[in-house]
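Take a look at the structure below.
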Amino acid sequence: MSAYTATVTVRLKRGVLDPEAETTKQALERLGFELEGLRSADRFEIDLEAETEADARERASEMAERLLANPTIHDYDVEVDDR
């Protein structure tokens, strides 16, 4: 078994309202920053043991699908690094 850190980034799908990002975007614009858009995301770092990097990625993806993300409204990305 090897030690890995899986990073799962969960964000709302395009077209789903993101009030947190909209409020933050408006605040940034009031501060003088120009931007086309802003999306919020949640990031989870998971330390786990697995036989291979592919196994660690599969387990992290299953965690995202079963709990961390709602597949109806969220997209997610999984990155795996050696720990």
### Summary of side-chain hydrogen bond (donor to acceptor under 3.5 Å, both in side chains) pairs that have at least one residue in residues 35-44, sequence neighbours excluded
Asp18-Ser40, Arg43-Glu45
### Task
Name all pairs fulfilling the side-chain hydrogen bond (donor to acceptor under 3.5 Å, both in side chains) condition that reach into residues 7-17, sequence neighbours left out, sorted by first residue then second.
Arg11-Asp77
### Message
So, taking the atom named CZ in Arg59 and the one named CD in Glu51, what distance separates them when rounded to the nearest 0.5 Å?
### Response
10.5 Å
Taking all non-hydrogen atoms of both residues, which atom of [X] and which atom of [Y] are closest, and how far apart?
| X | Y | result |
| --- | --- | --- |
| Val80 | Glu53 | CG1-CG, 3.7 Å |
| Tyr4 | Thr52 | OH-C, 3.4 Å |
| Pro71 | Ala69 | CD-O, 3.4 Å |
| Ala6 | Leu48 | CB-CD2, 3.9 Å |

Non-hydrogen side-chain atoms of [X] and [Y] separated by less than 4.5 Å:
| X | Y | value |
| --- | --- | --- |
| Val78 | Leu68 | no |
| Tyr76 | Ser61 | yes |
| Ile46 | Met63 | yes |

### Task
Kindly write out the residues that satisfy side-chain contact (heavy atoms from CB on, under 4.5 Å) with Leu67, not counting sequence neighbours, or none if the list is empty.
none
Can you confirm whether more than 12 heavy atoms, excluding those of [X], are under 6.0 Å from its [atom1] atom?
| X | atom1 | result |
| --- | --- | --- |
| Leu17 | CG | no |
| Glu79 | CD | no |
| Glu49 | CD | yes |

